[in-house]
Amino acid sequence: MGFSHWKVKNTTCADVFYVWVCIAYHLEKVLGLSSIGVTHLRNEVIQIYNHRFNQMMAESSYEIFLLAYYLHPSKFFG
């Protein structure tokens, strides 16, 4: 089951942007660990991530994601 099959009723633009930020953070952590042996894939994985992130932003109004993330209630009440 892929992401397209998930049925979520209350997902916001802020949630989508937050997931992308979390993915980037964890990719950076994992790909930087020499102990797991994937550092040789770092550049390729980052290129793929950046391509997909830029694709998402280009196919939408990226300002909406940034504004939604900035104005998300959890920032103030979380």
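Both backbone and side-chain heavy atoms feed into the values below; hydrogens, waters and symmetry mates do not. None of the values given here were measured: they were computed from a predicted structure.
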Chemist: Do I46 and I36 belong to the same hydrophobic cluster, where Ile, Leu, Val, Met, Phe, Trp and Tyr are linked whenever their side-chain heavy atoms lie under 4.5 Å apart, directly or via other members?
Modeler: yes

Chemist: Measure the CE-CG distance between M56 and N54 for me, rounded to the nearest 0.5 Å.
Modeler: 9.0 Å

Chemist: Got a second to check how far N50's CG is from N43's CG, nearest 0.5 Å?
Modeler: 10.5 Å

Chemist: L33, L27: one ILVMFWY side-chain cluster at the under-4.5 Å cut-off?
Modeler: yes

Chemist: If you look at every heavy atom in Y49 and V21, which pair is closest and at what distance?
Modeler: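 Smallest heavy-atom distance, with atoms named: OH-N, 4.3 Å.
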
Chemist: Can you label the angle between the F53 ring and the F17 ring as parallel, tilted or perpendicular, going by 30° and 60°?
Modeler: tilted

Chemist: Under 6.0 Å from the CD atom of E44, do we count more than 12 heavy atoms belonging to anything else shown?
Modeler: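 Not more than 12 within 6.0 Å, no.
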
Chemist: Which residue is it: V38, L31, V30? I am looking for the one with a side-chain contact (heavy atoms from CB on, under 4.5 Å) to V45.
Modeler: L31

Chemist: Identify, with sequence neighbours excluded, every residue that meets salt bridge (charged side-chain N to carboxylate O under 4.0 Å, His left out) alongside R52.
Modeler: none

